[in-house]
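First comes the structure, then the notes that go with it.
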Amino acid sequence: MPTLSCIGAGLLGKTLCHLLSNQLSIQQVINRSVASSQQAVDFIGAGRPASIDNLEPADIWLIATPDDAIAATGQALFESGVLRADNIVFHCSGSLGADALQFAKAGINRASVHPIHSFANPSQSINSFAGSYCAVEGEPQAVEVLSSLFNAIGALPFNIDGSRKVLYHSSTVMACNYLVSLLETSRQLLAASGVDSSGANPLEPLIRQTMDNFFATDAKSALTGPIARGDNKTVARHLAALEAHPDHQLWQQVYTALGNAAVPISAEQGQASAESLEAIASMLQSTQGDN
Ligand SMILES: NC(=O)c1ccc[n+]([C@@H]2O[C@H](COP(=O)([O-])OP(=O)(O)OC[C@H]3O[C@@H](n4cnc5c(N)ncnc54)[C@H](OP(=O)(O)O)[C@@H]3O)[C@@H](O)[C@H]2O)c1
C-alpha cells in the first residue's frame, strides 16, 4: 500500500486521512504540537504523531495547513531533505494552484485537490463526503494518482486550470458563504416587516422550492417576481421602503446588486418588456450609486 503523511491535520486533513486510510497507509501526522497531532491520529484511527524536524519518507504528502502557511510548509518539507523524486505533494486550497509549492528539485509531483465540501464537522463529513466534487490540477502523474484515490473514496474529481482557481474559488464562496448572507438578509427584512420568524422561518419552503427549480431547470426558468415580470412600480416601492431604513444601508446594497443580476436573466426569459427592464435597471443603478 502506498504511504501518506499529512502536515496540518485539522478539519479537512484528519477527515481526508480517515477516508483515505483504506487506500493508503497513513504514516506521520504533523501539527504544531504533539497533543494536537495525537488528537488527529485518534480521529484518523491510523498514523503516528511526528514533527517536521524529524521526518521519514512517504510516497504522498498532504499539506492541509491554513492557506497562508502552505508555501512555507512546502518549503520546510523540501528543506527537511525527506522528499524523493517520485513523491506526490498536494494541498487542498480552493484559491491556490499547485504552483504555491515551489521545490528546487525536479521530479516532485505537485498538485492541488479542492473538495467542494464543508468540513466544519469531521464526524459528519466522514459519512457525507461521498458525492462531493473535487477540483484537481497539477502535474499529470499526481493528477492521475490523486483523481483515482479520491474516486475510490466516493468523490467526483474534475480537472481545473490552476491559473483560474481564484475565479473558481470565488464561485464556491458565493454559492456557499454568500448564500448564507443572502438568507440572513432576507430573514432580517422579514423580521423588520413584523413577521415572527423566531421559530420556523416562513421563507423556508419558498427557498427550497426555488433551489429545486433552479437545479431541475436553469436560472431563466427558475426566476419569478417583479423584475422577471417587468413590474417597475413594485421595484420602486421596494427601494423606497428600504430607503426608509437608513441604518440598514446593507439591505439596499444587497437588493440592488442582486436585482441588477436579475435583469439580464429576465431579458433572456422574455416575459418583461425591454422598456420596463431598462427602467428597472436605471432605478437599481441610481440607488446603488447613492450608496
Ligand atoms: N474546512 C473546510 O471546509 C475546507 C474545505 C475545502 C478546502 N479546505 C482547505 O483545507 C486546508 C485546511 O483547512 P482546515 O479548515 O482543515 O484548517 P484547520 O482546521 O485550521 O486545520 C489546519 C491544521 O493545520 C495545523 N497547522 C497550522 N499551521 C501549521 C504549521 N505551520 N505546521 C503544521 N501544522 C500546522 C493546525 O494544527 P495546530 O494548530 O494544532 O498546529 C490544524 O490542525 C486549507 O487549505 C483550506 O483552504 C478547507
Side-chain angles (χ1 to χ4, degrees), residues 94-95 114 116-118 120-121 128 132-133 135 164-291:
S95 60
H114 178 248
I116 307 181
H117 181 96
S118 170
N121 184 334
S128 61
S132 301
Y133 286 87
R164 296 204 221 167
K165 275 195 79 180
V166 181
L167 212 50
Y168 151 81
H169 190 240
S170 71
S171 156
T172 65
V173 165
M174 211 177 273
C176 173
N177 313 155
Y178 297 175
L179 180 59
V180 174
S181 317
L182 175 62
L183 296 177
E184 175 55 12
T185 306
S186 68
R187 194 203 59 75
Q188 288 171 7
L189 281 166
L190 191 69
S193 77
V195 175
D196 179 16
S197 60
S198 51
N201 182 340
L203 297 174
E204 185 178 336
L206 176 71
I207 294 164
R208 292 190 187 279
Q209 225 173 15
T210 308
M211 297 271 204
D212 288 347
N213 287 343
F214 179 83
F215 288 112
T217 57
D218 56 18
K220 200 172 83 172
S221 309
L223 187 71
T224 57
I227 299 186
R229 286 191 297 270
D231 202 346
N232 46 13
K233 291 202 175 101
T234 302
V235 175
R237 282 203 302 275
H238 288 171
L239 291 172
L242 293 169
E243 184 73 34
H245 284 272
D247 295 344
H248 296 288
Q249 226 183 35
L250 203 56
W251 293 349
Q252 214 175 39
Q253 286 166 353
V254 174
Y255 185 97
T256 52
L258 293 178
N260 276 322
V263 171
I265 303 170
S266 304
E268 205 191 330
Q269 196 181 64
Q271 199 191 145
S273 69
E275 297 75 41
S276 55
L277 286 179
E278 256 170 54
I280 288 170
S282 126
M283 267 191 297
L284 291 169
Q285 273 151 30
S286 70
T287 309
Q288 210 170 19
D290 294 342
N291 281 309

Interatomic distance, [X] atom [atom1] to [Y] atom [atom2] [nearest 0.5 angstrom]:
| X | Y | atom1 | atom2 | result |
| --- | --- | --- | --- | --- |
| Glu275 | Asn232 | CD | CG | 10.5 Å |
| Gln271 | Lys220 | CD | NZ | 12.5 Å |
| Thr172 | Tyr178 | OG1 | OH | 10.0 Å |
| Thr287 | Gln285 | OG1 | CD | 9.5 Å |
| Tyr133 | Ile116 | OH | CD1 | 9.0 Å |
| Thr234 | Ile227 | OG1 | CD1 | 10.5 Å |

Mind listing the closest non-hydrogen atom pair of [X] and [Y] along with its distance?
| X | Y | result |
| --- | --- | --- |
| Gly94 | Tyr168 | O-CD2, 3.6 Å |
| Ala228 | Gln269 | CB-OE1, 3.3 Å |
| His117 | Ser132 | ND1-OG, 2.9 Å |
| Trp251 | Ala192 | CH2-CB, 3.7 Å |
| Gln252 | Leu239 | NE2-O, 3.8 Å |
| Ala257 | Gln288 | CA-NE2, 3.6 Å |

Any residue meeting side-chain contact (heavy atoms from CB on, under 4.5 Å) with Ala267, in chain and number order, not counting sequence neighbours:
Leu277
Results of side-chain contact (heavy atoms from CB on, under 4.5 Å) for Val195 - residues two or more places apart only
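Here the qualifying residues are Leu190, Ser193, Pro202.
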Would you please test Thr224 and Thr210 for side chain to side chain contact (heavy atoms under 4.5 Å, CB included) and show each step?
CA-CA 9 Å; Thr224 57; Thr210 308; over 6 Å; no
Does atom CD of Glu184 have more than 12 heavy-atom neighbours from other groups under 6.0 Å away?
yes
Report the C-alpha separation of Met211 and Leu179 in whole Å, then their side-chain angles, then the decisive distance to 0.1 Å, and conclude whether the side chain to side chain contact (heavy atoms under 4.5 Å, CB included) test is met.
CA-CA 11 Å; Met211 297 271 204; Leu179 180 59; 3.6 Å; yes
Ser221 and Asp218: CA distance, side-chain angles, deciding distance, side chain to side chain contact (heavy atoms under 4.5 Å, CB included) verdict:
CA-CA 5 Å; Ser221 309; Asp218 56 18; 2.8 Å; yes
Do the ring planes of His169 and His114 sit parallel (below 30°), tilted (30 to 60°) or perpendicular (above 60°)?
perpendicular
If we only count heavy atoms from C-beta on, is the Ser266 to Val263 side-chain gap below 4.5 Å?
no
Can you check side chain to side chain contact (heavy atoms under 4.5 Å, CB included) on Leu183 and Leu203, steps first, answer last?
CA-CA 9 Å; Leu183 296 177; Leu203 297 174; over 6 Å; no
